[in-house]
Number of protein chains: 2
Amino acid sequence: MDLGKVFGALADDSRRRVVAELAADPADRERACGSFALPVKKATRTHHFRVLREAGLIVQRDHGNGSAVSLRRGHIERHLPGLLDLLTEELASESEPQPERQSPAPTEAADPATR
Amino acid sequence: MDLGKVFGALADDSRRRVVAELAADPADRERACGSFALPVKKATRTHHFRVLREAGLIVQRDHGNGSAVSLRRGHIERHLPGLLDLLTEELASESEPQPERQSPAPTEAADPATR
DNA sequence: TCCTAGGTACGACTTGCATCGTACCTCATG
DNA sequence: CATGAGGTACGATGCAAGTCGTACCTAGGA
């Protein structure tokens with residue numbers, strides 16, 4: 001399990017979304033490759049699934065026509081515990097940008113972010 | 001805190017090593033930029049520190065001559081809990097490749113890794 | 001049987017990124 | 001003051017990666 005490959009794979013928005021959606025399903029159901037709404041063409045989608053496979057994040061099973069992917073949850077949790085939680089939380093926070101905040105408590109307090 | 005930027009930053013070996021070494025110090029001490037043994041030239045090192053800054057992982061403080069970096073541990077743990085543990089564990093496992101294993105318990109059992 | 005949907009393989013193109021040389025800056029030290 | 005160490009900015013370069021078109025394959029349905 002190469003951290004460089006894993007982070008490299010998850011640096012791409014489309015690939016991160018695929019893993020996040022798979023991780024968000026507690027039943028770990030297999031999903032058809034075409035069931036992900038990615039803003040890319042077929043050939044690119046195939047490429048992304050290949051990168052995810054080579055990073056050890058998913059397994060792909062194909063039946064001549066059509067193919068499906070599933071998350072290697074056990075493998076990931078064993079080697080990189082907590083990683084999937086980061087992805088699912090990002091996916092969840094896309095829907096609810098503002099949880100709620102009565103007091104103007106600045107979560108980050110004028111983030112300098114740089115030197 | 002953009003996951004894409006963070007993972008992109010940590011996909012590089014040199015940058016991941018910097019963050020891992022910073023994270024491995026429980027006292028969160030500031031470290032001189034030159035104190036990291038990276039196999040790159042000065043200009044490249046400057047570039048890497050810039051990427052880490054822009055990803056929100058470190059802060060850099062410079063005093064005319066010389067400069068030092070420190071980990072934004074609170075910021076990271078608040079937004080991406082568990083991330084630093086993955087890096088410190090990778091750093092630790094570089095030294096001890098074989099922890100010990102009496103029984104031939106296969107941790108991964110003939111990993112297919114692909115379809 | 002023909003056609004279409006879903007995927008893959010291959011090559012081409014374009015962009016981004018890691019790397020470095022060079023010039024320049026600032027400070028401490030001799 | 002001159003020098004050198006530590007950093008940054010900028011431009012150049014080479015390679016990797018994302019994207020896509022096209023051709024081809026397989027299976028299922030009209």
Side-chain angles (χ1 to χ4, degrees), chain A residues 2-22 29-72 87 112-115, chain B residues 2-22 29-71 87 90 112-115:
Chain A
D2 179 13
L3 261 188
K5 269 210 166 63
V6 170
F7 284 146
L10 295 178
D12 184 90
D13 281 17
S14 296
R15 292 195 292 256
R16 198 164 63 254
R17 163 165 281 272
V18 167
V19 177
E21 289 194 18
L22 286 171
R29 270 184 295 263
E30 201 179 54
R31 276 190 58 176
C33 287
S35 69
F36 299 92
L38 305 179
V40 294
K41 302 298 180 186
K42 283 197 306 181
T44 307
R45 209 175 45 217
T46 297
H47 163 69
H48 284 320
F49 283 126
R50 165 183 295 275
V51 174
L52 288 175
R53 258 175 6 234
E54 293 178 347
L57 295 171
I58 64 171
V59 247
Q60 190 164 350
R61 188 179 64 87
D62 57 338
H63 24 101
N65 184 18
S67 72
V69 291
S70 54
L71 188 66
R72 302 183 63 186
L87 303 177
T114 45
R115 51 170 71 188
Chain B
D2 178 12
L3 260 188
K5 269 207 166 63
V6 171
F7 285 145
L10 295 178
D12 183 271
D13 280 17
S14 295
R15 292 195 293 256
R16 198 164 65 254
R17 161 164 282 272
V18 167
V19 178
E21 290 194 17
L22 286 171
R29 271 184 295 263
E30 200 179 55
R31 275 190 58 177
C33 287
S35 69
F36 298 92
L38 304 180
V40 295
K41 301 298 181 186
K42 286 197 304 181
T44 308
R45 210 176 42 218
T46 297
H47 164 68
H48 285 320
F49 283 126
R50 164 184 295 277
V51 174
L52 289 174
R53 260 177 3 236
E54 293 178 349
L57 295 172
I58 64 171
V59 247
Q60 190 164 350
R61 186 179 65 86
D62 56 339
H63 24 101
N65 183 18
S67 72
V69 290
S70 54
L71 188 66
L87 304 176
E90 182 196 36
T114 45
R115 52 169 74 184

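Side-chain atoms are counted along with the backbone in the values below, which use heavy atoms only and exclude waters and symmetry mates. Below, read A as the first sequence line, B as the second, and so on, with proteins coming before strands; counting in each chain starts at 1. All figures in this text were calculated on a predicted structure; none of them were measured in a lab.
- In this structure, NZ of A/K41 is placed 20 Å from C1' of D/dA17, rounded to the nearest angstrom.
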Take A/L10 and A/R15 through the test side chain to side chain contact (heavy atoms under 4.5 Å, CB included) and record every step on the way to the result. CA-CA 6 Å; A/L10 295 178; A/R15 292 195 292 256; 5.7 Å; no

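- Taking all atoms of both residues into account, the shortest heavy-atom contact from B/V6 to B/A55 is CG2-O, 3.7 Å.
- Separating the NE2 atom of A/H47 from the C1' atom of D/dA17 is a distance of 6 Å, rounded to the nearest angstrom.
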Could you walk me through whether A/Q60 and A/E30 pass the side chain to side chain contact (heavy atoms under 4.5 Å, CB included) test, one step at a time? CA-CA 9 Å; A/Q60 190 164 350; A/E30 201 179 54; over 6 Å; no

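- Nearest to the side-chain atoms of A/C33 among the listed nucleotides C/dG7, D/dG7, D/dA9 stands C/dG7.
- The interatomic distance linking B/R61 (CZ) with D/dG6 (C1') rounds to 15 Å, in whole Å.
- Contact annotation: B/R50 does not reach the phosphate of D/dG7 (side-chain N/O to OP1 or OP2, under 4.0 Å).
- Between A/Q60 and C/dT8 there is a side-chain N or O to OP1 or OP2 distance below 4.0 Å.
- Along DNA chain D, the nucleotide nearest A/N65 and the nucleotide nearest A/V40 are compared for position; the residue whose nucleotide lies closer to the 5' end is A/V40.
- Mapping A/G8 and A/K42 onto DNA chain D via the closest heavy atom, the residue that lands nearer the 5' end is A/G8.
- For B/T46, a side-chain nitrogen or oxygen approaches OP1 or OP2 of D/dT8 to under 4.0 Å.
- Remark: B/H48 is in phosphate contact with C/dT19, judged by side-chain N or O atoms under 4.0 Å from OP1 or OP2.
- For the pair B/D12 CG and C/dG16 P, the computed distance is 18 Å after rounding to whole Å.
- Using modelled atom types, one side-chain atom of B/T46 and one backbone atom of B/K42 make a donor-acceptor pair closer than 3.5 Å.
- One can place CZ of A/R53 at 11 Å from C1' of C/dG7, the figure rounded to the nearest angstrom.
- Within the structure, a side-chain polar atom (N or O) of A/T44 is placed less than 4.0 Å from OP1 or OP2 of D/dC20.
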Could you go step by step and tell me if B/L22 and B/F36 meet the side chain to side chain contact (heavy atoms under 4.5 Å, CB included) rule? CA-CA 10 Å; B/L22 286 171; B/F36 298 92; 4.0 Å; yes

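- Here the P atom of nucleotide C/dG16 and the CG atom of A/D13 are 14 Å apart, to the nearest Å.
- For D/dG6, neither phosphate oxygen OP1 nor OP2 lies less than 4.0 angstrom from any side-chain nitrogen or oxygen of B/R45.
- One interatomic measurement links the two molecules: NE2 of A/H63 to P of C/dT8, which rounds to 11 Å at whole-angstrom precision.
- Atom CZ of A/F49 is separated from atom C1' of C/dG6 by 12 Å (rounded to the nearest Å).
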